[in-house]
Amino acid sequence: MKKVIVIAGATATGKSSFALRLAHALMTEIVSCDSIQVYRDLNIGSAKITTEEMQGIVHHCLNTRNLDQQYSVYDFQQEARAAIAKIHSLGKIPILVGGTGLYLKAVLYDYDFEKEEMIIPESSESNEILYARLLQEDPVSASSIHINNRKRILRALEIAKSGETKSQREAKQEKKPIYDVTMIVLDMPNVVLEKRIDERIRRMAENGWIEEVKHCFSDPQTWTYQSFQGIGYKEWKEYLQEKIGLEETLLTILIHTRQFAKRQRTWFRHQSTATWVNALDPFTLDRTASEIISWAKQEE
RNA sequence: GGGGGGGUAGCGAAGUGGCUAAACGCGGUUGACUGUAAAUCAAUUCUCUCCGAGUUCGGCGGUUCGAAUCCGUCCCCCCCCA
């Protein structure tokens with residue numbers, strides 16, 4: 001199996017700079033695992049790394065979509081694996097960086113998606129009826145999906161139309177990584193992380209965030225875009241409508257970002273087996289970096 | 001000084017005699033997660049516990065079998081008139 005390095009963690013934990021450091025040391029390239037940073041023009045609000053900050057390191061899976069385009073884990077899986085293959089073909093070990101847990105897992109494991117199932121048609125039927133149908137068609141999946149979780153019910157029903165249910169499809173998977181993976185999760189005490197998030201939001205507001213939002217999403221038609229659903233964008237809707245002020249908008253974004261970071265932590269804690277690293281401790285970071293570098297340099 | 005409105009759980013806000021430890025929203029906590037995942041969803045949130053018990057609705061004191069809800073009094077806040 002080919003080696004892959006994964007740097008995960010909640011938002012604002014310093015993933016990018018740590019990855020950059022490894023990329024320099026290993027003279028390799030980075031694959032971003034982020035569902036919002038794939039959109040061109042969403043730079044400030046998505047906390048995307050700037051070209052300068054990349055320091056010449058090649059970054060993949062960034063800026064690959066226009067604002068009006070849809071994107072899903074399927075697309076990411078395809079494109080990220082292609083990027084990984086390309087980096088491997090150069091004789092280098094790719095570094096995956098990101099906070100979108102599902103995306104990471106879908107690339108690393110043998111998750112199996114069908115291209116034609118991208119869009120789920122909305123239904124006019126109630127959750128109760130949809131759930132009852134799923135209970136018929138795929139009782140195994142139904143048992144693990146809550147009746148209120150309409151999106152998941154619809155997805156499972158859509159998959160069942162293919163003749164193979166969601167649970168059957170997943171049962172065929174080995175649920176093992178398809179690469180030789182070293183993965184760490186960068187983390188820090190919550191009070192510190194919340195302070196960093198707060199500071200970052202202030203900084204973004206001072207650096208042209210509002211202009212970016214106005215440039216991308218002034219037209220109410222754009223408010224339905226998937227790209228507008230990201231934290232740091234959707235909250236500006238009421239500001240643009242002049243329903244709330246700047247401070248209130250920033251506060252809402254702060255709260256949403258905190259909640260997001262919490263969900264990310266929970267995901268990595270329970271859905272991954274990565275090693276957790278205190279991102280605030282320079283000695284731990286040094287040691288972690290050198291461990292990863294020596295692992296990367298080992299012959300199989 | 002006069003008139004009016006109001007003080008309910010971390011916040012906002014219902015409730016105006018028993019069905020109320022108190023709706024609902026927000027926030028918090030915990031968690032789920034295989035196609036919008038920065039999404040979607042669940043549980044929990046006065047205190048102590050297993051049933052259950054104990055303290056709550058600005059303070060104090062009453063009325064009542066029973067009060068967040070009625071009465072008295074005190075404190076505080078907002079608006080209008082002086």
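Computed from a predicted structure; not experimentally measured.
Salt bridge annotation for A/Asp286-A/Arg21: present, with a cationic side-chain nitrogen under 4.0 angstrom from a carboxylate oxygen. The existence of a salt bridge linking A/Arg202 and A/Glu199 is excluded, since no basic side-chain nitrogen approaches an acidic carboxylate oxygen closer than 4.0 Å. A/Arg65 has a carboxylate O that lies under 4.0 Å from a charged side-chain N of A/Asp75, or vice versa, which qualifies the two as a salt bridge. Taking 4.0 Å as the cut-off between side-chain N and carboxylate O, A/Lys172 and A/Glu164 count as a salt-bridged pair.
Computed from coordinates, the A/Ile231 CD1 to B/A38 P distance equals 8 Å when rounded to whole Å. For the pair A/Lys15 NZ and B/A38 C1', the interatomic distance rounds to 11 Å; values are reported in whole Å. Between the P atom of B/A37 and the CD atom of A/Gln229 lies a distance of 10 Å, rounded to the nearest Å. The CD-P distance, from A/Glu158 to B/U36, rounds to 12 Å in whole Å. Atom C1' of nucleotide B/A39 and atom CD of A/Gln70 are separated by 13 Å, given to the nearest angstrom. To the nearest angstrom, P of B/C41 lies 11 Å from CZ of A/Arg150. Atoms CH2 (A/Trp267) and P (B/A32) sit 11 Å apart, rounded to a whole Å. The distance between atom NZ of A/Lys105 and atom C1' of B/C33, rounded to the nearest whole Å, is 8 Å.
Pairing of B/G1, defined by two Watson-Crick or G-U wobble distances under 3.5 Å, is identified with B/C81. Base-pair partner of B/A22: not found among the strands shown (Watson-Crick or G-U wobble, both distances under 3.5 Å). In a base pair of the Watson-Crick type (N1 to N3 plus N6-O4 or O6-N4) or a G-U wobble (N1-O2 and O6-N3), with each distance short of 3.5 Å, B/A14 is matched with no nucleotide. In a base pair of the Watson-Crick type (N1 to N3 plus N6-O4 or O6-N4) or a G-U wobble (N1-O2 and O6-N3), with each distance short of 3.5 Å, B/U55 is matched with no nucleotide. With a 3.5 Å ceiling on both atom-pair distances, the Watson-Crick or G-U wobble partner of B/C41 is B/G31. Base pairing analysis places B/A9 opposite nothing; no Watson-Crick or G-U wobble pair with both distances below 3.5 Å involves it. With a cut-off of 3.5 Å on both Watson-Crick or G-U wobble distances, the partner of B/U36 is given as none.
Nucleic acid contact class of A/Gln37 (heavy atoms, under 4.0 Å, all strands): base. Using a 4.0 Å heavy-atom distance criterion, A/Gln77 is classed as making no nucleic acid contact. Here A/Thr100 lies in heavy-atom contact (under 4.0 Å) with sugar-phosphate atoms only. The residue A/Phe76 sits apart from the nucleic acid: no heavy atom pair falls under 4.0 Å. No contact: A/Thr11 has no heavy atom under 4.0 Å from any strand.
Within the 4.5 Å cutoff, the side chain of A/Asn43 has heavy atoms near those of the A/Asn63 side chain. With a 4.5 Å cut-off on side-chain heavy atoms, A/Lys3 and A/Thr182 do not count as touching. Side-chain contact between A/Val277 and A/Asp187 is absent, with no heavy atoms from C-beta onward closer than 4.5 Å. Residues A/Val192 and A/Leu280 form a side-chain contact, since some pair of their non-hydrogen atoms from C-beta on lies under 4.5 Å apart.
At B/A38, none of the side-chain N or O atoms of A/Tyr233 fall inside 4.0 Å of OP1 or OP2 (strictly under the cut-off). Contact check, A/Ser72 against B/U36: no side-chain N or O comes under 4.0 Å of OP1 or OP2. A sub-4.0 Å separation between OP1 or OP2 of B/C33 and a side-chain N or O of A/Lys151 is absent. The phosphate of B/C33 (OP1 or OP2) has no side-chain N or O of A/His270 nearer than 4.0 angstrom. Within the structure, every side-chain polar atom (N or O) of A/Arg152 is placed at least 4.0 Å from both OP1 and OP2 of B/A37. For A/Arg269 and B/G31, the shortest distance from a side-chain N or O to OP1 or OP2 is below 4.0 Å. Note on A/Gln259: a side-chain N or O is less than 4.0 Å away from OP1 or OP2 of B/G27. Listed pair A/Asn148 / B/A42 meets the phosphate criterion, a side-chain N or O lying under 4.0 Å from OP1 or OP2.
The closest donor-acceptor contact from the side chain of A/Gln77 to the backbone of A/Tyr111 lies under 3.5 Å. The backbone N or O of A/Leu186 sits nowhere less than 3.5 Å from a side-chain atom of A/Trp276 that would complete a donor-acceptor pair.
Within residues 189-228 of chain A, the residues that place at least one heavy atom under 4.0 Å from RNA chain B are, in residue-number order, A/Gln226. Only A/Ile255, listed by number, bring a heavy atom of residues 236-258 of chain A to less than 4.0 angstrom from any atom of RNA chain B. Listed by residue number, the members of residues 123-139 of chain A with any heavy atom below 4.0 angstrom from RNA chain B form an empty set.
Comparing B/U34, B/C33, B/A39 against the side chain of A/Gln173 picks out B/U34 as the nearest. Each of B/U40, B/G31, B/C33 was ranked by its minimum atom distance to the side chain of A/Gln271; first place goes to B/C33.
Mapped onto RNA chain B by nearest heavy atom, A/Tyr103 and A/Asp110 fall at different nucleotides, with A/Asp110 at the one closer to the 5' end. Residues A/Tyr74 and A/Gly99 each lie close to RNA chain B; by heavy-atom proximity, the contact nearer the 5' end of the strand is made by A/Tyr74.
If you check the side chains of A/Asp34 and A/Thr100, you find no donor sitting under 3.5 Å from an acceptor. Between A/Thr50 and A/Glu53, the side chains place a donor N or O and an acceptor N or O closer than 3.5 Å (distance only, hydrogens not considered).
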* To do: May I have the step-by-step check of salt bridge (charged side-chain N to carboxylate O under 4.0 Å, His left out) for A/Glu125 and A/Arg150, ending in yes or no?
  => CA-CA 10 Å; A/Glu125 302 191 89; A/Arg150 174 169 256 264; over 6 Å; no
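B/C33 and B/U20 have their P atoms separated by 36 Å, given to the nearest Å. Annotation: B/G62 and B/U56 have their P atoms spaced 15 Å apart (nearest Å). A distance of about 10 Å separates the C1' atoms of B/A67 and B/U16, rounded to the whole Å.
A donor-acceptor contact under 3.5 angstrom links the side-chain atoms of A/Lys175 to the base of B/U34. Within 3.5 Å, no donor on the side chain of A/Arg263 pairs with an acceptor on the base of B/A32, nor the reverse. Applying the 3.5 Å distance criterion, the base of B/A38 shares a donor-acceptor pair with the side chain of A/Asp34.
The side chain to side chain contact (heavy atoms under 4.5 Å, CB included) with A/Trp209 is formed by just one residue from the set A/Met204, A/Arg203, A/Lys214; it is A/Met204.
Using bins of under 30°, 30° to 60° and over 60° for the plane-to-plane angle, the ring pair A/Tyr103/A/Phe76 lands in the parallel bin.
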